[in-house]
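For reference, the structure is listed below as C-alpha cells.
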Amino acid sequence: MRYITLVFILLITFYGYAQEVTMLKGRVVVDSQRTEAIHILNQTQNIGVISDDHGFFSIKADQGDVIVFSSIQYVLKQYTVLQEDLDVDTFEIRLEIAVNELDEVRISQYSLTGDLKADIVSIPTHTKNLPFWNAAELKQMGVGGFDDAQSPVKNMVIDDEMDATPINLMGLAELAGGLFKSNRKTREVVLDITDFYTEDFFVQGLNIPETEYYNFLDYLKEQPGTQLALRSPDKLKTLEFIIEQSRVFKSKYSID
C-alpha cells in the first residue's frame with residue numbers, strides 16, 4: 001500500500017511539472033526560397049534554439065516572454081508571446097531581408113553629359129609649369145633617371161611604407177578559431193564572450209585599446225544579437241558579428 005501511495009504522489013508531481021512547462025511552437029517565414037538557420041532567443045528566460053532548414057522551431061516560453069528572431073541576412077525582430085500563441089502549433093512570424101544602403105558617393109564635382117567632346121571643353125585643365133619633354137626625348141638629350149621602359153612599377157598596394165591596417169577576415173577567422181576555448185556552456189545558460197575569445201584577440205586582432213577592453217565586453221553584453229551570434233554553429237558568422245560590433249563601438253565612442 002505504501003508503494004502504491006508513493007507512485008501516486010510521484011505521478012501527480014510529474015503531471016504538475018508537465019502542466020507548468022509551455023512551449024512556443026511554430027515556423028519562421030522569410031521572403032526567399034531558401035530558409036537558413038534562424039536564431040531564436042527567449043530574452044526573458046535566456047534560452048536559445050535554432051530553427052531547422054524549413055524554419056520550424058520549438059522553444060520554452062510563457063505568456064509575456066520576449067522572443068528575439070535574428071540572422072545575419074535578416075532584420076532582427078522582437079516579439080512578445082501571447083497566450084493564444086502557446087495554444088496552437090501553427091505560430092508564424094515573418095522576417096525581412098536586411099538591405100544595406102550605402103551613402104551617396106560623389107565621383108566628380110563636374111556634371112558630365114556623356115558627350116566626350118562637350119565634356120572635354122567644360123572641364124578646366126591646367127598646363128602651367130608642365131614639362132615640355134617626354135621621357136623618350138629626355139633620354140635622347142642625355143638626361144638620366146627617365147628610362148621609362150626599364151623603370152620598375154611600384155606596387156602601392158603592398159608597399160611596406162603604407163600606414164594601413166586592413167582587416168583580413170580569413171586570418172582573423174583562423175586566429176579566432178585558435179583562441180576558442182573548450183569550456184562551452186549549455187544552451188540553457190547565458191553565454192559569456194570571454195568563454196570563446198581571449199583578450200589578445202580583441203586587443204591585437206580587433207585593435208581595441210587595452211583601456212577599453214572591459215568597456216567593450218560590457219557593450220557586447222548589452223547587444224541583443226550577441227547571444228544569438230555566440231550560439232551560431234558558423235564561427236565565421238560569429239566573427240563577422242564581433243568585427244561589426246567593434247567598428248560600431250569605436251565609432252560611437254570616437255576610439256581610433
Side-chain angles (χ1 to χ4, degrees), residues 22-86 88-105 167 169-170 172-173 176 187-193 196-197 202 206 208 216-253 255:
T22 53
M23 305 292 293
L24 177 65
K25 300 179 181 179
R27 182 186 180 192
V28 179
V29 181
V30 298
D31 295 327
S32 63
Q33 294 181 351
R34 181 180 178 184
T35 304
E36 302 206 2
I38 307 297
H39 303 277
I40 300 104
L41 173 67
N42 186 328
Q43 215 171 33
T44 305
Q45 301 189 31
N46 290 323
I47 300 173
V49 297
I50 298 176
S51 66
D52 62 19
D53 293 338
H54 301 287
F56 291 99
F57 70 93
S58 177
I59 187 172
K60 181 182 176 183
D62 296 322
Q63 180 181 356
D65 285 359
V66 177
I67 309 296
V68 177
F69 300 85
S70 177
S71 181
I72 292 178
Q73 65 269 37
Y74 301 108
V75 178
L76 183 144
K77 189 168 187 177
Q78 293 184 341
Y79 181 81
T80 302
V81 178
L82 304 176
Q83 183 58 47
E84 60 191 52
D85 301 327
L86 302 173
V88 297
D89 295 338
T90 57
F91 170 77
E92 286 189 354
I93 190 161
R94 180 174 293 276
L95 298 184
E96 299 178 355
I97 297 178
V99 178
N100 294 325
E101 295 185 358
L102 300 178
D103 295 334
E104 181 181 356
V105 178
I167 293 178
L169 285 178
M170 296 309 299
L172 284 178
R187 290 174 178 235
E188 299 292 332
V189 180
V190 178
L191 301 178
D192 193 331
I193 190 71
F196 298 86
Y197 300 91
F202 293 103
L206 300 183
I208 299 294
F216 181 57
L217 292 183
D218 292 337
Y219 172 81
L220 285 177
K221 291 178 182 179
E222 295 173 358
Q223 306 311 306
T226 299
Q227 290 295 312
L228 301 175
L230 293 180
R231 287 188 169 88
S232 173
D234 190 335
K235 291 193 296 183
L236 186 56
K237 289 184 177 180
T238 305
L239 180 61
E240 290 176 347
F241 174 84
I242 300 299
I243 292 174
E244 180 59 28
Q245 292 302 316
S246 70
R247 291 171 177 165
V248 174
F249 173 79
K250 288 188 284 188
S251 175
K252 182 177 181 180
Y253 296 101
I255 298 174

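Values in this document were obtained by computation on a predicted structure and should not be read as measured data.
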Among all residues two or more places apart in sequence or in another chain, which pass the side-chain contact (heavy atoms from CB on, under 4.5 Å) test with [X]?
X	answer
Ile193	Tyr197, Phe202, Leu217, Leu220, Leu230, Ile242
Ser58	Met23, Lys25
Glu222	none

I need the [X] [atom1] to [Y] [atom2] distance, nearest 0.5 Å.
X	Y	atom1	atom2	value
Leu41	Thr44	CG	OG1	9.0 Å
Gln245	Lys252	CD	NZ	10.0 Å
Thr226	Leu228	OG1	CG	8.5 Å
Ile50	Ile40	CD1	CD1	8.0 Å
Arg94	Arg27	CZ	CZ	9.5 Å
Leu95	Ser51	CG	OG	9.0 Å

Write down the atom of [X], the atom of [Y], and the distance for their closest heavy-atom approach.
X	Y	answer
Gly64	Thr80	O-CG2, 3.8 Å
His39	Pro233	CE1-CD, 4.4 Å
Phe91	Val88	N-CG2, 4.2 Å
Ala61	Leu24	CB-CB, 4.0 Å
Asp62	Thr22	OD1-OG1, 2.7 Å
Ile59	Gly48	CD1-CA, 4.5 Å

Can you list the residues that meet the side-chain hydrogen bond (donor to acceptor under 3.5 Å, both in side chains) rule with [X], with sequence neighbours excluded?
X	answer
Tyr253	none
Gln78	none
Asp65	Asn42, Gln45
Glu96	none

Close side-chain approach of [X] and [Y], heavy atoms under 4.5 Å:
X	Y	value
Asp234	Thr238	no
Gln63	Asp85	no
Gln227	Val68	no
Leu86	Gln83	yes

- Task: Quick one: do Tyr79 and Val66 satisfy side chain to side chain contact (heavy atoms under 4.5 Å, CB included)? Show the steps, please.
- Result: CA-CA 6 Å; Tyr79 181 81; Val66 177; over 6 Å; no
- Of all pairs that satisfy ring pair (Phe, Tyr, Trp, His ring centres under 6.0 Å), the ones with a partner from residues 219-239, not counting sequence neighbours: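 Residue pairs with at least one partner in residues 219-239: Tyr219-Phe249.
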Among residues at least two apart in sequence or on other chains, which ones pass ring pair (Phe, Tyr, Trp, His ring centres under 6.0 Å) with [X]?
X	answer
Phe241	none
Phe69	Phe57
Phe56	none

- Task: List in chain and number order the residues that pass salt bridge (Lys or Arg N to Asp or Glu O under 4.0 Å) with Lys250, two or more places apart in sequence or in another chain; answer none if no residue qualifies.
- Result: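 Partners of Lys250 by the salt bridge (Lys or Arg N to Asp or Glu O under 4.0 Å) criterion come out as none, since no residue qualifies.
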- Query: When you look at Tyr74 and Val28, which way does the side chain to side chain contact (heavy atoms under 4.5 Å, CB included) test go after all the steps?
  - Reply: CA-CA 11 Å; Tyr74 301 108; Val28 179; over 6 Å; no
- Message: Pair Asp192, Lys221 - check side chain to side chain contact (heavy atoms under 4.5 Å, CB included), show working.
- Response: CA-CA 8 Å; Asp192 193 331; Lys221 291 178 182 179; 4.2 Å; yes
